[in-house]
Amino acid sequence: MLYNKYLKMHLKSSLEYKANTIFLSMAQALIFIGEILGVWLLFLKFEAVGEWGFYDSLLMSGVVMTSFSLMECFARGYDEFPNLIKNGTLDRLLVRPVNIHYQLLGAKIEFSKFLRIILGITVSIIAIINMNINWNILKIIVLISMYLSGCIIIFGLMILCAGISIYTIENLEFTNIITNGSKELAYYPINIYKKWLTRIFTFIIPIACFNYLPLSFLLETGSIPLWLCGISPFLGMLFIIPCLIFFNFSLKKYQGTGT
Amino acid sequence: MSKIIEFTNICKQFKIPEKKNGKWSFLSNFFKRKYKIIQALDNINFSINEGDIVGYIGPNGAGKSTTIKIMSGILTPTSGECIINGYIPWKSRKEYVKNIGVVFGQRSQLWWDVPVIDSFELLKDIYKISDEEYKETLNILNKALNLEELLSRPLRQLSLGQKMKCELAGSLLHKPKILFLDEPTIGLDAVTKLAVRDFVKYINKVWNTTIILTTHDMNDIEALTNKIILIGKGKILYNGSFDNIKHQYANEKIIQVEFTKPYENVYLDGYELISHEKNVATFKTLNNTEFHTKSFLNEISQKYDIVDFSINSLSVDEILARLYKEYKL
Amino acid sequence: MKNINISIFKMQFKKELQYRAKAISGITTQFFWGIMYICLYTAFMSSELINGFTITQMAAYIWLGQAFFSLRYPGMHSNAGYEIEQGNVCYKFTRPINLYNQWYYEYLGEKLASALLRFLPIIIISILLPTNYGLSMPVNFSSFILFIVSLIIGCLLCVSISMFSIYFTFVTLSQKGTATIIVAISNLLGGSIIPIPLMPNSVQNVLNFLPFRYISDLPFRIYIGNIGITDGLIQIGISLFWLVTTILIGKILIKKALKKTVIQGG
């Protein structure tokens with residue numbers, strides 16, 4: 001399959017810079033550890049926020065970090081889309097007889113995110129061990145769907161940002177707020193925030209669907225019907241559809257203006 | 001011969017930010033920015049026959065790369081029609097691009113850190129080339145370009161000329177019917193330039209590939225093309241054979257004369273004095289008057305004592321410079 | 001010598017001004033992060049007063065951090081990093097200039113220009129926001145003066161700490177990785193991830209002995225009145241000590257690294 005070949009090629013080229021990849025990987029893991037230490041320090045001082053404790057937040061951090069790093073690794077082409085426009089790679093992709101999304105997924109695979117993926121999973125496991133959850137098969141399904149949903153929603157955000165960058169070529173930084181901001185907020189169960197912010201991140205950017213909603217389901221708490229919390233990860237996945245539509249529309253626009 | 005490319009009334013407009021100049025302009029540019037519309041392509045019409053090699057020339061910013069981008073399906077024009085190989089490039093992109101190859105002179109399509117052959121194998125999958133066909137094509141390209149030793153090395157270890165050879169091979173693996181070459185010889189050494197030119201001619205002959213080539217190197221044009229399209233300020237200024245243009249300027253001669261001793265105020269009726277230094281003077285024929293060696297010698301030797309003289313026609317580069325000047329580009 | 005440094009500084013400054021879109025997007029980014037952090041810490045600070053730190057003060061602390069983002073964010077002098085990574089740094093030896101100073105002034109210029117372009121809009125917008133979201137006025141005039149002084153020292157300190165990343169790039173040959181590590185450490189220990197007043201007291205005591213909190217935590221807390229005048233003066237003294245120390249260490253390290261590069265032939 002074509003994707004396998006892309007994967008092999010990327011692996012080959014990052015092996016050319018083995019030391020660099022490993023070093024970068026550790027550096028990025030360190031950033032995450034710093035952020036987790038920040039969460040820990042806050043809870044050391046305040047013990048709890050609303051109904052949530054440290055390990056609830058730790059699970060949220062683990063989920064978002066795992067899915068975010070997975071997508072940064074495999075959907076890097078969307079993350080770097082502004083660069084692809086600038087250096088002409090996009091033009092190159094457009095003269096090939098393969099679907100543009102397929103090519104974008106193959107355009108860049110960033111192996112230096114691997115350590116963060118492992119850290120994300122580790123942090124999740126530590127959290128789960130320390131949480132009081134009565135496990136059953138449904139809960140395990142919901143737990144797994146949280147990661148899936150996280151991946152797909154974050155992927156949607158990256159596609160959205162790539163689409164926006166077609167209009168604002170120079171603004172690398174701006175689109176970062178959407179992805180990185182969402183990530184940072186999702187280190188905590190997001191219903192701790194003011195109502196308006198929680199609403200934005202439930203109904204517009206459905207971070208809640210891999211965050212406090214399924215968490216409520218696992219812990220059987222909260223005022224929202226549990227069945228709704230349980231299926232929320234699956235509802236959240238739909239988010240990717242409008243993102244894809246927007247991206248495809250913007251790409252047409254790019255071909256109209258050609259920057 | 002059948003027409004493979006047809007451009008009808010193609011126009012393309014861009015909106016670009018306007019920059020002011022001046023001491024504090026970087027500040028005012030910072031706070032407000034005006035936009036202006038530029039007409040990159042203004043009613044472009046031309047057609048190209050199958051199997052032609054066409055030089056697409058013009059100064060920087062004339063609209064060359066915009067045209068190439070439209071032809072390769074990357075850009076859609078503001079208005080007009082374009083049919084290439086039976087397709088509208090930007091409408092049925094995926095089917096259309098199967099039959100074209102594009103080489104952007106300064107950008108690589110190959111992978112920097114992996115052996116070139118791996119990049120080729122990837123292209124094989126991208127274009128869904130069958131094993132046998134791939135082998136056969138690669139063999140042909142291999143022989144024509146002498147790639148054998150290069151293929152196992154990563155791109156970053158290759159010289160500029162070697163890279164270009166691999167680049168050319170990469171864009172021909174799927175045997176495209178049309179090949180777009182955007183400045184293929186830029187920065188290459190003389191030997192590689194010749195090799196690239198020979199190769200382009202060879203491919204055109206064996207596969208009957210239609211080739212559209214943009215370049216600033218007029219020797220490319222002279223060596224390769226049977227037809228040129230001259231574009232300037234978004235308009236087509238000339239479309240025809242290069243020999244015609246050469247013929248137009250054929251009458252123009254530059255005559256350098258060496259005198260026995262330095263003269264002052266050198267002057268000759270019917271000729272323009274271009275330069276004069278001590279005992280060497282250079283003349284040019286006036287607008288389209290035919291040059292006769294005998295009469296020139298008669299006239300000049302009557303006035304001055306001469307030791308030596310030489311007659312030169314305009315070089316290809318000079319002809320182009322003349323053309324640009326004539327069209328005020 | 002002075003003149004060269006000033007013209008380097010000016011060049012960098014002008015270069016930074018060219019990128020209008022970058023500045024606008026930077027301001028927007030900073031603004032959203034500001035709101036986000038305020039929402040986050042407000043959620044935690046349900047009780048009004050933590051260590052004599054109110055929600056209003058916290059909001060001001062966050063906004064100052066956003067407004068002077070580039071002054072407090074140690075990073076990597078991108079040109080220098082690139083030159084070292086690519087081995088082009090030896091060309092620099094052909095010029096009659098102290099490399100440490102050149103890089104220092106270039107980076108300072110980059111930071112100051114980007115701060116000057118961005119701080120006013122963020123300050124203005126954040127002052128207009130409602131209480132508990134917005135930026136409050138400084139408590140009094142003398143603490144405002146002290147704030148300015150400590151901010152300038154903090155900015156210089158930030159650059160001198162960033163200079164270490166140039167040294168480590170010589171060692172690791174990876175500018176991105178090095179910069180990432182320095183940023184991670186100084187952000188956590190300098191109060192950019194969690195404001196230092198919101199950390200447990202024992203942790204705060206440790207951080208007082210490290211240089212990082214003198215970059216931005218000190219000036220911001222002087223501004224909001226969380227640190228008084230006398231205390232502020234003493235701590236400014238400490239930050240001066242760190243400034244001199246980090247510059248000296250940085251100079252020694254870079255001299256060492258350059259010597260090695262010359263011997264190895266870059």
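Proteins get letters first, then strands, A, B, ... in listed order; numbering begins at 1 in each. Every value quoted in this text rests on a predicted model; they were computed, and no experiment measured them. We use all heavy atoms of the structure for the numbers below, so side chains are in, but hydrogens, waters and symmetry mates are not.
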For Asn132(A), look at atom CG and say whether over 12 heavy atoms of other residues, nucleotides or ligands are found less than 6.0 Å away. no
Per-residue contact mode, Thr172(C) against chain A (heavy atom under 4.5 angstrom): side chain
Is there any residue in residues 58-75 of chain A with a non-hydrogen atom under 4.5 Å from a non-hydrogen atom of chain C, and which ones are they? none
So which bits of residues 184-199 of chain A come within less than 4.5 Å of chain C, counting non-hydrogen atoms only? Glu184(A), Leu185(A), Tyr188(A), Ile192(A), Tyr193(A), Lys194(A), Trp196(A), Leu197(A)
Does some side-chain heavy atom of Phe46(A) sit less than 4.5 Å from a side-chain heavy atom of Leu198(C)? yes
Structural part of Ile27(C) lying under 4.5 Å from a heavy atom of chain A: neither
Lys45(A) side chain to Met199(C) backbone, donor-acceptor under 3.5 Å: yes
Gly177(C) to Ala27(A) - nearest heavy-atom pair and separation: O-CB, 3.4 Å
Atom pair CG (Asn180(A)) and CH2 (Trp33(C)), whose distance is rounded to the nearest 0.5 Å: 5.5 Å
In the structure I gave you, are the side-chain heavy atoms of Phe32(C) and Ile178(A) within less than 4.5 Å of one another anywhere? no
Can you pull out the residues in residues 34-43 of chain A with any heavy atom less than 4.5 Å from chain C? Gly34(A), Glu35(A), Leu37(A), Gly38(A), Leu41(A), Leu42(A), Phe43(A)
Would the number of heavy atoms belonging to other residues, nucleotides or ligands and lying under 6.0 Å from CZ of Phe114(A) be above 12? no
Top contributor to chain C contacts, counting heavy-atom pairs under 4.5 Å, from Asn20(A), Ile33(A), Leu44(A): Asn20(A)
If contact means a heavy atom pair closer than 4.5 Å, which residues of residues 180-191 of chain C contact chain A? Thr180(C), Ile181(C), Ala184(C), Ile185(C), Leu188(C)
Can you tell which part of Leu40(C) gets under 4.5 Å to a heavy atom of chain A, answering side chain, backbone, both or neither? both
Which answer fits Thr42(C), side chain, backbone, both or neither, if we ask what part of it has an atom under 4.5 Å from a heavy atom of chain A? side chain
